[in-house]
Every structure is written in structure tokens, then in C-alpha cells.
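Notes for the one structure printed next.
Below, chain A is the first sequence line, B the second, and so on; all start at residue 1.
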Amino acid sequence: MSGTINKESAARASKVTAALKREYPDARCALNYETPFQLLIATILSAQCTDARVNIVTSTLFNKYRTPSDFIAVPDEELEKDIFSTGFYKQKAKSIKACCIALIEKHGGDVPSGFDDLCELPGVGRKTASVVAGNAFGFPSVAVDTHVKRITNLLGLVESQDPEKIEAEIKLLVDPNDWVIFSHLIATHGRTVCFARKPACSQCVISGYCPSVKYEK
DNA sequence: CTCCCGATAT
DNA sequence: ATATCAGGAG
């Protein structure tokens, strides 16, 4: 039942976390960045785009654009061209510019560290805010991306399809000290084993905790 | 719920 | 040739 956080789920969440920590001891944010500002931009670009693709784009993007002012200074078409391959490039260019203006006008050119302030920024939703707050500023946060949504559902740890509800349920099941790493562990698992199209259950270290296991014929 | 869009797997 | 991947805003 949604809303019913039983001990069984919490215990299983804990075992899943432990097993994935063992399997992916180096799990971390898959986006490359040096500063909170770079992480913010990279995460905006990662909407509906793989982290691997974002890293290709940002490897050169961050040499050209170093500050919020740098992004505002160029014509829309130029920024669109620079982020083109991440998809939704017109939207993202607009978001990035509006976001950079907000950073300057409301936060003295810095990236705010609080989840709520981050959520107010153009192009920044709960997932992006959680990534930045959790990874750049060390605030316990659960970033619910497509992997977390899919896999927590497969595991039967959550019932909802709504990312905000999923986030709340995970926060009740997982130790706050593990919130940030939990997202990374699940995302890593989703990228390498528990594929959306065809989960490799036979190679899954948490299949024993998964009600959705399917073995190939 | 619809729109925004390229990259890659099938 | 087409389905699927990967979030946010209106």
C-alpha cells in the first residue's frame, strides 16, 4: 500500500543498498564537474539525455563558459549550437540563460545550496535540485531520475509513478546518510545491469530481493 | 496532458 | 524505419 512503510520494505531497502555498495564501491555522480555551477549546468543538460552524452558536451562547453555571465553574453543560437546534441536544445538554452540571470540577480552570481532555492531556478526541478544539493553541497537528498523510478518500482519498494511521491517514500525507507549514494547506486545499476529494455536479471546482485526477477528462457 | 528533440538500440 | 532513452515547464 502506498504510504504504508513497513519494516519489510525498510529492511529490504537496506539490504539492497548494502549489496549495491559492495557491487559498485565507486558509485558516484556520473556527471563530470568541478564546481557547483558546472554541476548545475550539467544537470540541466542531463534532462532526457544520458550523462555520458552530457559529459561529451560539457568537456568543451565548460572551457568556453565559465560563469553565469558567459552564458548570458552569447546569442541564443550560439548556445543552442553548443549544447545541440543533448536534445531539447532550444528549451535548455532558454533555461540555462534564465537560470544564469536568476543566479546573478537573486544569488549574487553563486549557486544557492538550499533545495528550495534551487527548485525556484528556471529549468530546475526536484531531480536537478536534489543532484546539486546532494552532490555539490552535501545536503541529504534523493534524486529520482528515470532509473530510480523504474527500479524502486521493480523492487516493490515504492508503489507510485509520481517522482515526488517516490522521493518521499524512499526517504522513509533509506537512512538519510545513504540518500545521495542510494540514487547513484540505483542509477549505476540501471545503466549497467537493470536495463529499461531488457534487465539482465541473471547478472543482478539484488535479484534475490526483487519481486520482478525474470530469468531468460 | 502536451510540448520540447538528438542519439542509439532494435 | 521505428521504438526507446533521459526531466521540466506550461
Side-chain angles (χ1 to χ4, degrees), chain A residues 27-33 37-61 71 76-103 106 111-112 114-136 141-154 158 160-170 179-180 182-201 203 212 214 216-217:
Chain A
R28 59 164 203 97
C29 182
L31 259 11
N32 296 149
Y33 66 96
F37 179 61
Q38 287 188 350
L39 180 58
L40 175 62
I41 299 299
T43 311
I44 290 174
L45 290 175
S46 79
Q48 300 292 95
C49 177
T50 61
D51 289 352
R53 169 58 49 187
V54 172
N55 288 337
I56 292 171
V57 169
T58 56
S59 68
T60 55
L61 189 79
F71 281 101
D76 288 5
E77 309 73 52
E78 186 173 344
L79 180 54
E80 287 170 6
K81 201 177 158 213
D82 290 335
I83 64 174
F84 180 82
S85 74
T86 65
F88 298 123
Y89 58 89
K90 287 187 178 171
Q91 289 283 105
K92 288 176 182 175
K94 266 194 210 336
S95 291
I96 288 172
K97 281 194 160 194
C99 183
C100 286
I101 289 171
L103 291 180
K106 300 181 182 175
V111 178
F115 179 83
D116 292 337
D117 283 338
L118 286 163
C119 277
E120 306 272 321
L121 297 169
V124 178
R126 297 187 71 86
K127 185 265 185 174
T128 299
S130 294
V131 167
V132 175
N135 295 282
S141 345
V142 173
V144 179
D145 64 1
T146 187
H147 299 293
V148 173
K149 174 182 173 181
R150 181 181 75 256
I151 295 173
T152 54
N153 267 283
L154 285 172
V158 304
S160 179
Q161 293 302 304
D162 171 22
E164 188 167 348
K165 289 180 184 165
I166 293 172
E167 180 190 327
E169 291 182 40
I170 291 172
W179 286 356
V180 173
F182 182 82
S183 298
H184 294 147
L185 291 168
I186 297 286
T188 300
H189 194 56
R191 249 180 256 117
T192 57
V193 175
C194 192
F195 308 111
R197 294 173 201 242
K198 197 174 174 232
C201 298
Q203 292 164 230
S212 311
K214 294 246 159 57
E216 263 133 66
K217 50 153 226 55

Given A:Leu118, A:Leu40, A:Leu39, the one that forms side chain to side chain contact (heavy atoms under 4.5 Å, CB included) with A:Thr128: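 Result: among A:Leu118, A:Leu40, A:Leu39, A:Leu40 is the only option passing the side chain to side chain contact (heavy atoms under 4.5 Å, CB included) with A:Thr128.
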
Where protein sits on nucleotides 4-10 of chain B, one letter per nucleotide: B base, S sugar-phosphate only, - none, heavy atoms under 4.0 Å: BBSSSSS

Please report the distance, rounded to the nearest Å, between [atom1] in [X] and [atom2] in [N].
X        : N     : atom1 : atom2 : answer
A:Ile166 : C:dG7 : CD1   : P     : 12 Å
A:His147 : C:dT4 : NE2   : P     : 16 Å
A:Gln161 : C:dG7 : CD    : P     : 15 Å
A:Ile151 : C:dC5 : CD1   : C1'   : 13 Å
A:Arg150 : C:dG7 : CZ    : C1'   : 15 Å

Span that lies between the C1' atom of B:dC5 and that of C:dT2, in whole angstrom: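 Those two atoms are separated by 16 Å.
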
P gap between B:dC3 and C:dA6, integer Å: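 Nearest-Å result for B:dC3 against C:dA6 at atom P: 22 Å.
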
Sugar-phosphate only, base, or nothing, as touched by A:Asp51 at under 4.0 Å among non-hydrogen atoms: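 Touches nothing.
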
Sugar-phosphate, base or nothing in reach of A:Ser95, heavy atoms under 4.0 Å: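 A:Ser95: no heavy atom of the nucleic acid under 4.0 Å.
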
Parallel, tilted or perpendicular, as decided by the 30° and 60° cut-offs, for the rings of A:Phe71 and A:Phe37: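 Plane angle over 60°, so perpendicular.
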
Heavy-atom closest contact ([X] atom, [Y] atom, distance):
X        : Y        : answer
A:Leu31  : A:Ala42  : CG-CB, 3.9 Å
A:Gln48  : A:Phe88  : CB-CE1, 3.5 Å
A:His147 : A:Ala187 : CB-CA, 3.8 Å

Near-strand residues of residues 120-128 of chain A, defined as heavy-atom separation under 4.0 angstrom from DNA chain B: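 Listed by number, there are none.
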
4.5 Å side-chain heavy-atom contact, A:Phe115 and A:Ser130: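 In contact.
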
Upstream residue (5' side of DNA chain C) when A:Thr43 and A:Ala196 are each assigned their closest nucleotide: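 Nearer the 5' end of the strand: A:Ala196.
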
Between NZ on residue A:Lys149 and CD1 on residue A:Ile170, distance to nearest 0.5 Å: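 That separation rounds to 12.0 Å.
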
Inter- and intrachain pairs under side chain to side chain donor-acceptor pair (under 3.5 Å), touching residues 90-99 of chain A, at least two apart: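 Of all non-adjacent pairs touching residues 90-99 of chain A, those that pass side chain to side chain donor-acceptor pair (under 3.5 Å) are A:Asp76-A:Lys97.
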
Verdict with supporting geometry, A:Arg191 and A:Asp51, side chain to side chain contact (heavy atoms under 4.5 Å, CB included): CA-CA 10 Å; A:Arg191 249 180 256 117; A:Asp51 289 352; 3.5 Å; yes

